[in-house]
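Here is the structure we will look at.
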There are 2 protein chains.
Amino acid sequence: MEISISEIKNKLVEKGLKITPQRIAILEAIYTLNNHPTAEMIMAYIKESHPSIASGTIYKVLDTLVENQLIKRVKTENDVKRFDGLLENHHHLYCSESDVIKDYKNEELDRLLTEYFKKNRIDNFEIEDIKLQINGRTLKRGRKK
Amino acid sequence: MEISISEIKNKLVEKGLKITPQRIAILEAIYTLNNHPTAEMIMAYIKESHPSIASGTIYKVLDTLVENQLIKRVKTENDVKRFDGLLENHHHLYCSESDVIKDYKNEELDRLLTEYFKKNRIDNFEIEDIKLQINGRTLKRGRKK
DNA sequence: GTATGTGCAAACTTTTTGCACTTCG
DNA sequence: CGAAGTGCAAAAAGTTTGCACATAC
């Protein structure tokens with residue numbers, strides 16, 4: 001997920017957030033570590049370029065970014081927070097063995113789901129978005145697409 | 001989710017687990033509190049009938065039950081564990097406002113998904129199961145189906 | 001009787017909080 | 001300059017662990 005510092009700054013400005021080195025570093029970390037990182041992974045990554053950042057700050061910034069919809073929280077069955085910098089609608093492949101989460105995007109699938117739920121409204125529920133949790137195992141060999 | 005003590009005992013026996021009052025109470029709590037309870041909710045519920053149960057025991061029993069596939073862990077974006085006593089394939093409605101998780105079952109939808117993934121294999125990934133996270137808001141009024 | 005499960009309390013991990021200080025605009 | 005953000009360290013929340021005792025079979 002390639003992104004430049006100035007694009008990151010733009011994103012912050014668009015949301016009316018102040019630009020700080022910590023926020024830039026955290027967003028950059030999430031885009032670089034595109035493996036749906038935990039707060040801890042973000043911290044470890046940033047500490048190299050930015051050794052004085054406090055873990056409290058990381059959590060506060062992450063909260064701010066989620067509130068302002070610059071990133072999203074990922075649902076997991078582990079009790080640690082993980083974050084996603086990809087905002088477009090997409091689904092997740094969960095590997096039960098390795099805790100790896102990968103993205104899966106497909107328009108046909110999304111069309112299928114949209115049509116289905118157009119026909120089959122759910123009583124007393126207003127859908128905001130629908131994501132697939134595709135649970136399984138990543139295979140060791142074979143060529144990556 | 002109606003279930004009798006003897007059915008609960010059967011489930012434990014089938015998995016080769018010893019029958020203990022704590023395990024029975026915890027399974028019963030999960031079936032009764034069918035709102036995908038946290039360990040804490042289970043504890044609170046059980047404490048009434050069973051005031052001496054230890055929280056460590058609750059966690060240990062929950063682990064055992066998950067390992068033996070008598071219950072499942074639910075994916076959430078909160079950092080607390082939640083559990084599900086419904087084992088058949090089903091989907092979840094997540095209400096972002098209230099933290100309520102409801103079940104959603106539909107065969108047509110499952111058929112649609114199965115067909116889609118039969119046609120569209122994912123490289124280097126072996127699917128075990130697919131669940132929808134249907135995110136949105138429960139509406140206040142209207143009749144419950 | 002023996003393997004297994006439970007209670008308890010201490011420890012651990014992850015996240016949150018409050019407040020003085022700093023920085024952005 | 002003032003509002004907003006950060007660092008720090010302490011505390012909270014949630015979960016795990018080890019071990020002595022109790023229980024199921």
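Naming: A, B, ... by sequence-line order, numbering from 1 per chain.
- Lys60(B) comes within contact range of at least one nucleobase, with a heavy-atom separation under 4.0 Å.
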Query raised in the report: Could you walk me through whether Glu7(A) and Tyr31(A) pass the side-chain contact (heavy atoms from CB on, under 4.5 Å) check?
Result: CA-CA 12 Å; Glu7(A) 285 177 90; Tyr31(A) 294 132; over 6 Å; no
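- Contact of the Leu112(A) side chain with the Leu113(B) side chain is not registered, since no non-hydrogen atoms from C-beta on lie closer than 4.5 Å.
- Annotation: of the two residues near DNA chain D, Glu40(B) and Arg23(A), the 5′-most nearest-nucleotide partner is Arg23(A).
- Toward the 5' end of DNA chain C, the nearer of the two residues Gly16(B) and Ala39(A), judged by each one's closest nucleotide, is Gly16(B).
- None of Ile134(A), Thr138(A), Asp103(A) except one satisfies the side-chain contact (heavy atoms from CB on, under 4.5 Å) rule with Leu93(A); the exception is Ile134(A).
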Under 3.5 Å, which donor-acceptor pairs link side chains of residues 58-73 of chain A to any protein atom two or more places apart or in another chain?
unit_1, atom_1, unit_2, atom_2, d
Thr64(A), OG1, Lys60(A), O, 2.9
Asn68(A), ND2, Thr64(A), O, 2.8
Arg73(A), NE, Glu77(B), O, 3.3
Arg73(A), NH1, Glu77(B), O, 2.6
Arg73(A), NH2, Glu77(B), O, 2.3

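- Taking both residues in full, the closest heavy atoms of Arg82(A) and Thr38(A) are given as CG-CG2, 3.6 Å, listed atom of the first, atom of the second, then distance.
- Between Arg82(A) atom CZ and dT15(C) atom P there is a gap of 12 Å when expressed in whole angstrom units.
- Rounding to whole angstrom units, CD of residue Gln22(B) and P of dT4(C) are separated by 17 Å.
- Residue His91(B) comes nearest to Leu109(B) through the heavy atom pair CD2-CD2, 3.8 Å, listed as atom of the first residue, atom of the second, then distance.
- Between His92(A) and His36(A), the ring planes are perpendicular. Angles over 60° get that label, and only those under 30° would be called parallel.
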Report task. I would like to know whether Val80(B) and Asp79(A) meet side-chain contact (heavy atoms from CB on, under 4.5 Å); could you show each step before the answer? Result -> CA-CA 5 Å; Val80(B) 291; Asp79(A) 42 359; over 6 Å; no
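- In this structure, Phe83(A) places its CZ atom 13 Å from P of dT14(C), rounding to the nearest Å.
- Between Lys15(B) atom NZ and dG5(C) atom P the separation is 15 Å, expressed in whole Å.
- Two residues are said to be in side-chain contact when any heavy atoms from C-beta on lie closer than 4.5 Å; Tyr116(B) and Lys118(B) fail this criterion.
- Contacts with DNA chain D (heavy atom under 4.0 Å) in residues 7-14 of chain A: none are found.
- Ring-plane geometry between Tyr104(B) and Phe117(A) is classed as tilted, the angle between the planes lying from 30 to 60 degrees on a 0 to 90 degree scale.
- Across the protein-nucleic acid pair, Ile24(A) atom CD1 and dC24(C) atom P stand 9 Å apart, rounded to whole Å.
- Listed in residue order, the members of residues 63-79 of chain B having a heavy atom less than 4.0 Å from DNA chain C are Asp79(B).
- Here the C1' atom of nucleotide dT23(C) and the CG atom of Leu17(A) are 15 Å apart, to the nearest Å.
- Comparing Val61(A) and Lys18(B) by the nucleotide of DNA chain D that holds the closest heavy atom to each, the one mapping nearer the 5' end is Val61(A).
- A nucleotide of DNA chain D counts as in contact with chain A when one of its atoms lies under 4.0 Å from a heavy atom; the first and last such, 5' to 3', are dA3(D) to dT15(D).
- Heavy-atom minimum distance, Lys75(B) versus Tyr94(B): O-OH, 2.5 Å.
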Would you mind writing out the side-chain donor-acceptor pairs for residues 125-132 of chain B within the sub-3.5 Å range, not counting sequence neighbours?
unit_1, atom_1, unit_2, atom_2, d
Glu126(B), OE1, Arg137(A), NH2, 3.4
Glu128(B), OE2, Arg137(A), NH1, 3.2
Asp129(B), OD2, Asn135(A), ND2, 3.4

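- Using a 4.5 Å heavy-atom cutoff, the side chains of Arg23(A) and Ile19(A) are not in contact.
- Side-chain atoms of Asn106(A) come within 3.5 Å of backbone atoms of Glu108(A) as a donor-acceptor pair (strictly under, hydrogens ignored).
- DNA chain C lies under 4.0 Å from at least one heavy atom of each of the following residues of residues 45-58 of chain B: Ser52(B), Ile53(B), Ala54(B), Thr57(B).
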